[in-house]
Amino acid sequence: MAPMPGLVIMAPMPGLVMMAPMPGLVIMAPMPGRGFLGGLMIGLAGVVMLLGNGRIAGVSGMAARVMGLAGGAPRVLAAAFIMGLPLGAGLVVLVSGGVATRFPASTGLLVLGGVLVGFGTRLGSGCTSGHGVCGLSRLSIRSMVATAGFMASGVVTVAAMRLLGVAW
Amino acid sequence: MVARQAGLGLFAGALFGAGLAMSGMADPARVRGFLDIFGAWDETLAFVMGGAIIPMAMAWRVQRRMRRPMLAASFTLPDTRDIDWRLGAGAVIFGLGWGIAGLCPGPAIADLAINPRPAALFVASMAGGMVLFRLINRP
(Lines give C-alpha, C1' and ligand atoms only; values in the text may rest on other atoms or scores of the structure.)
Protein backbone atom coordinates (compact mmCIF):
# COMPACT_ATOMS: atom_id res chain seq x y z
CA MET A 1 0.00 0.00 0.00
CA ALA A 2 1.22 3.50 -0.81
CA PRO A 3 2.79 4.90 2.37
CA MET A 4 0.91 8.17 1.99
CA PRO A 5 -0.84 9.87 4.86
CA GLY A 6 -4.52 10.53 4.48
CA LEU A 7 -6.31 9.61 1.30
CA VAL A 8 -5.02 6.94 -1.04
CA ILE A 9 -6.58 5.96 -4.34
CA MET A 10 -6.19 2.26 -4.88
CA ALA A 11 -7.84 -1.10 -5.47
CA PRO A 12 -10.15 -2.73 -2.92
CA MET A 13 -8.68 -4.63 -0.01
CA PRO A 14 -10.66 -6.59 2.53
CA GLY A 15 -11.40 -4.92 5.81
CA LEU A 16 -11.08 -1.36 4.57
CA VAL A 17 -13.97 1.02 4.06
CA MET A 18 -14.21 2.48 0.59
CA MET A 19 -15.91 5.68 -0.42
CA ALA A 20 -17.02 6.04 -4.03
CA PRO A 21 -18.09 9.67 -4.44
CA MET A 22 -18.23 9.21 -8.21
CA PRO A 23 -18.21 6.14 -10.45
CA GLY A 24 -14.80 4.84 -11.28
CA LEU A 25 -13.03 6.67 -8.47
CA VAL A 26 -12.50 4.69 -5.33
CA ILE A 27 -11.05 6.78 -2.53
CA MET A 28 -10.07 5.07 0.63
CA ALA A 29 -7.77 5.78 3.44
CA PRO A 30 -5.85 3.33 5.56
CA MET A 31 -6.23 3.33 9.30
CA PRO A 32 -5.19 5.89 11.26
CA GLY A 33 -5.91 8.33 8.38
CA ARG A 34 -9.41 6.99 8.02
CA GLY A 35 -9.85 7.22 11.79
CA PHE A 36 -8.90 10.90 11.62
CA LEU A 37 -11.34 11.51 8.72
CA GLY A 38 -14.15 9.77 10.59
CA GLY A 39 -13.24 11.79 13.67
CA LEU A 40 -13.53 15.03 11.67
CA MET A 41 -17.05 13.97 10.61
CA ILE A 42 -17.97 13.29 14.24
CA GLY A 43 -16.57 16.68 15.24
CA LEU A 44 -18.42 18.44 12.42
CA ALA A 45 -21.65 16.80 13.59
CA GLY A 46 -20.96 18.33 17.00
CA VAL A 47 -20.33 21.71 15.33
CA VAL A 48 -23.68 21.52 13.51
CA MET A 49 -25.52 20.72 16.77
CA LEU A 50 -23.75 23.49 18.69
CA LEU A 51 -23.89 26.37 16.19
CA GLY A 52 -27.18 25.30 14.55
CA ASN A 53 -29.28 24.05 17.46
CA GLY A 54 -27.31 25.52 20.36
CA ARG A 55 -26.90 22.13 22.03
CA ILE A 56 -24.29 19.55 22.93
CA ALA A 57 -24.11 16.46 20.70
CA GLY A 58 -24.19 14.06 23.64
CA VAL A 59 -25.53 10.64 22.70
CA SER A 60 -26.31 9.22 26.15
CA GLY A 61 -28.23 12.33 27.19
CA MET A 62 -30.25 12.40 23.99
CA ALA A 63 -30.96 8.65 24.20
CA ALA A 64 -32.30 9.18 27.75
CA ARG A 65 -34.32 12.15 26.49
CA VAL A 66 -35.90 10.00 23.76
CA MET A 67 -36.90 7.44 26.39
CA GLY A 68 -38.47 10.14 28.54
CA LEU A 69 -35.89 9.58 31.31
CA ALA A 70 -34.36 13.04 31.17
CA GLY A 71 -35.15 16.60 30.23
CA GLY A 72 -33.16 18.61 27.74
CA ALA A 73 -33.56 19.02 23.99
CA PRO A 74 -37.01 18.93 22.36
CA ARG A 75 -37.86 15.24 22.18
CA VAL A 76 -38.31 15.30 18.40
CA LEU A 77 -34.81 16.79 18.00
CA ALA A 78 -33.28 14.12 20.25
CA ALA A 79 -35.15 11.39 18.38
CA ALA A 80 -34.03 12.76 14.99
CA PHE A 81 -30.38 12.86 16.10
CA ILE A 82 -30.53 9.32 17.54
CA MET A 83 -32.22 7.95 14.38
CA GLY A 84 -29.54 9.66 12.30
CA LEU A 85 -26.79 7.54 13.86
CA PRO A 86 -27.77 4.18 12.25
CA LEU A 87 -28.89 6.07 9.13
CA GLY A 88 -25.41 7.52 8.57
CA ALA A 89 -23.68 4.27 9.48
CA GLY A 90 -26.02 2.41 7.10
CA LEU A 91 -25.13 4.80 4.28
CA VAL A 92 -21.43 4.06 4.80
CA VAL A 93 -22.24 0.33 4.65
CA LEU A 94 -24.14 0.85 1.38
CA VAL A 95 -21.39 2.94 -0.23
CA SER A 96 -18.49 0.83 1.01
CA GLY A 97 -20.02 -2.62 0.75
CA GLY A 98 -19.57 -3.34 4.44
CA VAL A 99 -17.96 -2.19 7.66
CA ALA A 100 -15.99 -4.78 9.60
CA THR A 101 -17.04 -5.21 13.22
CA ARG A 102 -16.29 -7.89 15.80
CA PHE A 103 -18.60 -8.14 18.81
CA PRO A 104 -18.22 -10.31 21.89
CA ALA A 105 -19.75 -13.72 21.23
CA SER A 106 -21.02 -13.86 24.81
CA THR A 107 -24.56 -12.62 25.40
CA GLY A 108 -23.67 -12.12 29.06
CA LEU A 109 -20.83 -9.70 28.26
CA LEU A 110 -23.07 -7.66 25.92
CA VAL A 111 -25.84 -7.42 28.51
CA LEU A 112 -23.51 -6.66 31.43
CA GLY A 113 -21.61 -4.08 29.36
CA GLY A 114 -24.84 -2.47 28.19
CA VAL A 115 -26.36 -2.15 31.66
CA LEU A 116 -23.14 -0.65 33.08
CA VAL A 117 -22.81 1.81 30.16
CA GLY A 118 -26.45 2.88 30.49
CA PHE A 119 -26.29 3.31 34.27
CA GLY A 120 -22.82 4.89 34.34
CA THR A 121 -23.46 7.46 31.62
CA ARG A 122 -26.59 8.66 33.45
CA LEU A 123 -24.86 8.85 36.83
CA GLY A 124 -21.85 10.59 35.28
CA SER A 125 -23.96 12.90 33.06
CA GLY A 126 -22.36 11.92 29.78
CA CYS A 127 -20.36 9.57 27.62
CA THR A 128 -17.58 9.66 25.02
CA SER A 129 -19.40 12.21 22.86
CA GLY A 130 -20.68 14.66 25.47
CA HIS A 131 -17.71 14.59 27.85
CA GLY A 132 -14.99 13.18 25.55
CA VAL A 133 -15.56 15.34 22.45
CA CYS A 134 -17.81 18.31 23.33
CA GLY A 135 -16.64 18.82 26.92
CA LEU A 136 -12.90 18.32 26.36
CA SER A 137 -12.92 20.73 23.41
CA ARG A 138 -14.71 23.27 25.65
CA LEU A 139 -11.95 22.77 28.26
CA SER A 140 -14.59 21.78 30.83
CA ILE A 141 -12.90 20.56 34.01
CA ARG A 142 -15.86 18.28 34.72
CA SER A 143 -15.51 16.63 31.32
CA MET A 144 -11.74 16.27 31.75
CA VAL A 145 -12.31 14.45 35.05
CA ALA A 146 -15.04 12.25 33.52
CA THR A 147 -12.99 11.42 30.43
CA ALA A 148 -9.91 10.55 32.50
CA GLY A 149 -12.20 8.41 34.68
CA PHE A 150 -13.83 6.34 31.96
CA MET A 151 -10.58 5.99 29.97
CA ALA A 152 -8.71 4.74 33.04
CA SER A 153 -11.58 2.47 34.01
CA GLY A 154 -11.77 1.05 30.47
CA VAL A 155 -8.01 0.41 30.37
CA VAL A 156 -8.07 -1.35 33.76
CA THR A 157 -11.12 -3.40 32.73
CA VAL A 158 -9.51 -4.62 29.49
CA ALA A 159 -6.26 -5.45 31.32
CA ALA A 160 -8.15 -7.26 34.10
CA MET A 161 -10.13 -9.30 31.56
CA ARG A 162 -6.85 -10.31 29.92
CA LEU A 163 -5.44 -11.42 33.29
CA LEU A 164 -8.63 -13.31 34.16
CA GLY A 165 -8.60 -15.06 30.79
CA VAL A 166 -11.96 -13.63 29.71
CA ALA A 167 -10.64 -11.29 26.99
CA TRP A 168 -12.33 -11.68 23.62
CA MET B 1 -38.57 26.15 14.56
CA VAL B 2 -38.52 22.72 16.21
CA ALA B 3 -39.10 20.95 12.89
CA ARG B 4 -36.07 22.69 11.37
CA GLN B 5 -34.04 21.87 14.49
CA ALA B 6 -35.05 18.22 14.14
CA GLY B 7 -34.11 18.23 10.46
CA LEU B 8 -30.67 19.60 11.30
CA GLY B 9 -30.47 17.09 14.16
CA LEU B 10 -31.13 14.23 11.76
CA PHE B 11 -28.36 15.52 9.49
CA ALA B 12 -25.95 15.87 12.43
CA GLY B 13 -26.85 12.39 13.68
CA ALA B 14 -26.27 10.88 10.24
CA LEU B 15 -22.93 12.68 9.89
CA PHE B 16 -21.99 11.43 13.37
CA GLY B 17 -23.04 7.86 12.52
CA ALA B 18 -21.19 7.91 9.20
CA GLY B 19 -18.10 9.20 11.00
CA LEU B 20 -18.32 6.39 13.54
CA ALA B 21 -18.59 3.80 10.75
CA MET B 22 -15.70 5.39 8.79
CA SER B 23 -13.40 5.78 11.74
CA GLY B 24 -13.37 2.23 13.09
CA MET B 25 -15.11 3.26 16.31
CA ALA B 26 -18.12 1.18 15.34
CA ASP B 27 -15.96 -1.93 15.78
CA PRO B 28 -16.03 -3.09 19.43
CA ALA B 29 -12.87 -5.18 19.00
CA ARG B 30 -10.95 -2.12 17.76
CA VAL B 31 -12.22 0.02 20.63
CA ARG B 32 -11.03 -2.61 23.11
CA GLY B 33 -7.72 -2.59 21.20
CA PHE B 34 -7.41 1.13 21.97
CA LEU B 35 -8.01 0.47 25.67
CA ASP B 36 -5.56 -2.47 25.61
CA ILE B 37 -2.45 -0.39 26.32
CA PHE B 38 -0.78 -3.32 28.10
CA GLY B 39 -1.44 -5.63 25.13
CA ALA B 40 -1.80 -5.12 21.38
CA TRP B 41 -2.52 -1.38 21.50
CA ASP B 42 -4.42 0.10 18.54
CA GLU B 43 -3.79 3.83 18.29
CA THR B 44 -6.63 4.55 15.82
CA LEU B 45 -9.02 5.97 18.39
CA ALA B 46 -6.55 8.64 19.44
CA PHE B 47 -6.76 9.92 15.84
CA VAL B 48 -10.57 9.74 15.94
CA MET B 49 -10.66 11.78 19.16
CA GLY B 50 -8.17 14.28 17.73
CA GLY B 51 -10.14 14.61 14.50
CA ALA B 52 -13.35 15.22 16.43
CA ILE B 53 -11.94 17.69 18.94
CA ILE B 54 -10.26 20.02 16.40
CA PRO B 55 -13.45 21.28 14.66
CA MET B 56 -15.29 21.35 18.00
CA ALA B 57 -12.59 23.47 19.63
CA MET B 58 -12.89 25.98 16.77
CA ALA B 59 -16.70 25.92 17.08
CA TRP B 60 -16.52 26.86 20.79
CA ARG B 61 -14.52 29.96 19.84
CA VAL B 62 -17.15 30.91 17.26
CA GLN B 63 -19.95 30.14 19.74
CA ARG B 64 -18.62 32.68 22.23
CA ARG B 65 -19.13 35.43 19.66
CA MET B 66 -22.65 34.35 18.61
CA ARG B 67 -25.66 35.84 20.39
CA ARG B 68 -27.80 32.83 19.55
CA PRO B 69 -27.54 29.64 17.48
CA MET B 70 -28.79 29.65 13.91
CA LEU B 71 -32.01 27.72 14.54
CA ALA B 72 -32.85 28.37 18.20
CA ALA B 73 -33.61 31.34 20.43
CA SER B 74 -30.66 30.67 22.72
CA PHE B 75 -27.83 28.31 23.52
CA THR B 76 -28.75 25.56 25.99
CA LEU B 77 -25.44 24.34 27.35
CA PRO B 78 -24.41 22.47 30.52
CA ASP B 79 -23.44 24.89 33.27
CA THR B 80 -22.73 22.40 36.05
CA ARG B 81 -19.31 22.85 37.63
CA ASP B 82 -19.37 20.39 40.52
CA ILE B 83 -16.78 17.64 40.57
CA ASP B 84 -18.68 15.21 42.80
CA TRP B 85 -18.81 11.49 43.49
CA ARG B 86 -21.56 11.06 40.90
CA LEU B 87 -19.34 12.31 38.09
CA GLY B 88 -16.44 10.06 39.13
CA ALA B 89 -18.46 6.96 39.96
CA GLY B 90 -20.55 7.33 36.80
CA ALA B 91 -17.41 7.60 34.65
CA VAL B 92 -15.83 4.55 36.32
CA ILE B 93 -19.00 2.44 35.89
CA PHE B 94 -19.33 3.59 32.28
CA GLY B 95 -15.66 2.72 31.62
CA LEU B 96 -16.20 -0.73 33.10
CA GLY B 97 -19.01 -1.45 30.64
CA TRP B 98 -17.05 0.17 27.78
CA GLY B 99 -14.07 -2.11 28.46
CA ILE B 100 -16.22 -5.23 28.81
CA ALA B 101 -18.17 -4.85 25.55
CA GLY B 102 -16.09 -2.34 23.56
CA LEU B 103 -19.16 -0.18 23.02
CA CYS B 104 -20.22 3.28 24.16
CA PRO B 105 -23.67 4.74 23.38
CA GLY B 106 -23.01 6.37 19.96
CA PRO B 107 -21.31 3.42 18.25
CA ALA B 108 -23.78 0.97 19.82
CA ILE B 109 -26.76 2.81 18.29
CA ALA B 110 -24.96 3.30 14.95
CA ASP B 111 -24.14 -0.44 14.91
CA LEU B 112 -27.87 -1.20 14.69
CA ALA B 113 -27.33 -0.62 10.95
CA ILE B 114 -24.06 -2.57 10.75
CA ASN B 115 -24.47 -5.62 12.99
CA PRO B 116 -28.08 -5.45 14.21
CA ARG B 117 -28.37 -8.52 16.40
CA PRO B 118 -25.61 -7.96 18.99
CA ALA B 119 -26.04 -4.17 18.73
CA ALA B 120 -29.75 -4.44 19.58
CA LEU B 121 -28.97 -6.64 22.59
CA PHE B 122 -26.44 -4.09 23.85
CA VAL B 123 -28.69 -1.08 23.19
CA ALA B 124 -31.64 -2.75 24.96
CA SER B 125 -29.39 -3.51 27.96
CA MET B 126 -28.10 0.06 27.92
CA ALA B 127 -31.69 1.35 27.94
CA GLY B 128 -32.30 -1.00 30.88
CA GLY B 129 -29.33 0.50 32.73
CA MET B 130 -30.70 4.01 32.13
CA VAL B 131 -34.14 2.98 33.43
CA LEU B 132 -32.49 1.36 36.47
CA PHE B 133 -30.69 4.62 37.23
CA ARG B 134 -33.95 6.52 36.98
CA LEU B 135 -35.70 4.06 39.30
CA ILE B 136 -33.18 4.40 42.12
CA ASN B 137 -32.62 8.10 41.50
CA ARG B 138 -36.04 9.68 41.26
CA PRO B 139 -35.93 13.44 40.72
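Remember, predicted model here, so these are calculated numbers, not experimental data. In the text below, chain A, chain B and the rest are named by the order of the sequence lines, each starting its count at 1.
Considering only heavy-atom pairs separated by less than 4.5 Å from chain B, the leading option among A:C127, A:A152, A:G58, A:G149 is A:C127. Interface check for chain A: of the options B:A46, B:G24, B:A127, B:A124, the most heavy-atom pairs under 4.5 Å are formed by B:A127. Annotation: maximal heavy-atom pairing with chain B below 4.5 Å, among A:G120, A:A148, A:A79, A:A63, occurs at A:G120. For the options B:Q5, B:M58, B:E43, B:R81, heavy-atom pairs under 4.5 Å to chain A are most numerous at B:Q5. Of the listed residues A:G52, A:A167, A:S125, A:G46, the one with more heavy-atom pairs under 4.5 angstrom with chain B than any other is A:G52. Counting heavy-atom pairs closer than 4.5 Å to chain B, the top-ranked of the candidates A:R138, A:M83, A:R162 is A:R138. Among B:A119, B:A113, B:A110, B:A57, the residue with the largest count of heavy-atom pairs under 4.5 Å with chain A is B:A110. Between chain B and the residues A:G90, A:A146, A:A57, the largest count of heavy-atom pairs under 4.5 Å involves A:A146. With chain A as partner, the option from B:V31, B:T80, B:I37 having the largest number of non-hydrogen pairs under 4.5 angstrom is B:T80. Per-residue heavy-atom pair counts under 4.5 Å with chain B were compared for A:A160, A:G132, A:G130, and the maximum is reached by A:G132. Counting heavy-atom pairs under 4.5 Å between each of B:G17, B:G50, B:A108 and chain A puts B:G17 at the top. For the set B:I109, B:I53, B:V131, B:L20, the count of heavy-atom pairs under 4.5 angstrom toward chain A peaks at B:I109.
With a 4.5 Å cut-off on non-hydrogen atoms, B:R32 touches chain A through its backbone and its side chain both. Both the backbone and the side chain of B:Q63 come within contact range of chain A, judged by heavy atoms closer than 4.5 Å. Contact annotation for B:I136: only side-chain heavy atoms (C-beta onward) come within less than 4.5 Å of a heavy atom of chain A. Proximity to chain B (any heavy atom under 4.5 Å) is shown, for A:S60, by both the backbone and the side chain. Heavy-atom distances place the side chain of B:M49, and not its backbone, under 4.5 Å from chain A. At a 4.5 Å heavy-atom cutoff, the contact between B:I54 and chain A is made by side-chain atoms alone. Interface remark: A:A78 contributes no atoms to any contact with chain B (heavy atom separation under 4.5 Å). Both the backbone and the side chain of A:I82 come within contact range of chain B, with heavy atoms under 4.5 Å apart. When heavy atoms are compared at a cutoff of 4.5 Å, B:A3 does not approach chain A at all. Looking at A:V93, the atoms closer than 4.5 Å to chain B (heavy atoms on both sides) all sit in the side chain, from C-beta outward. Heavy atoms of A:T107 lying under 4.5 Å from chain B belong to its backbone as well as its side chain. Only the side chain of B:D84 comes within contact range of chain A, with at least one heavy atom under 4.5 Å from a heavy atom of that chain. Both the backbone and the side chain of B:P78 come within contact range of chain A, with heavy atoms under 4.5 Å apart.
Annotation: side chain of A:T128 is in contact with side chain of B:F94 (closest heavy-atom distance under 4.5 Å). Side-chain contact between A:M151 and B:W98: present, with at least one pair of heavy atoms (C-beta onward) separated by less than 4.5 Å. B:M70 places a side-chain heavy atom less than 4.5 Å from the side chain of A:L51. Put simply, the side chain of A:L110 reaches to within 4.5 Å of the side chain of B:L103, judged on heavy atoms. Annotation: side chain of A:N53 is not in contact with side chain of B:P69 (no heavy-atom distance under 4.5 Å). When side chains are defined from C-beta on, B:L77 counts as touching A:L50, because their heavy atoms get closer than 4.5 Å. In this structure, the side chains of A:V47 and B:M56 come closer than 4.5 Å at one or more pairs of heavy atoms. For the pair B:M130/A:T121, a side-chain contact is recorded, criterion being any heavy-atom separation below 4.5 Å from C-beta on.
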With side-chain contact (heavy atoms from CB on, under 4.5 Å) as the criterion, how do A:S129 and B:F16 come out once you've worked through the C-alpha distance, each side chain's angles and the decisive distance to 0.1 Å?
CA-CA 10 Å; A:S129 50; B:F16 200 116; 3.7 Å; yes
Could you give me the CA-CA distance, side-chain angles and deciding distance for A:R142 and B:I83, then say whether side-chain contact (heavy atoms from CB on, under 4.5 Å) is met?
CA-CA 6 Å; A:R142 246 173 88 78; B:I83 312 278; 4.0 Å; yes
Run the numbers on A:T157 and B:I100 for side-chain contact (heavy atoms from CB on, under 4.5 Å), then give the verdict.
CA-CA 7 Å; A:T157 302; B:I100 287 173; 3.8 Å; yes
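In this structure a side-chain-to-backbone donor-acceptor pair under 3.5 Å is missing from A:R102 to B:D27. Under a 3.5 Å cut-off, the side chain of A:S153 and the backbone N or O of B:L96 do form a donor-acceptor pair. Judged by distance alone, with hydrogens and angles left aside, the side-chain atoms of A:R122 form no donor-acceptor pair with the main-chain N or O of B:F133 at under 3.5 Å.
The number of heavy atoms from other shown groups lying within 6.0 Å of CZ (A:F103) is above 12.
With no hydrogens or angles considered, a side-chain donor-acceptor pair links A:S137 and B:W60 at under 3.5 Å.
B:F47 CZ to A:L40 CG: the interatomic distance, rounded to the nearest 0.5 Å, is 12.5 Å.
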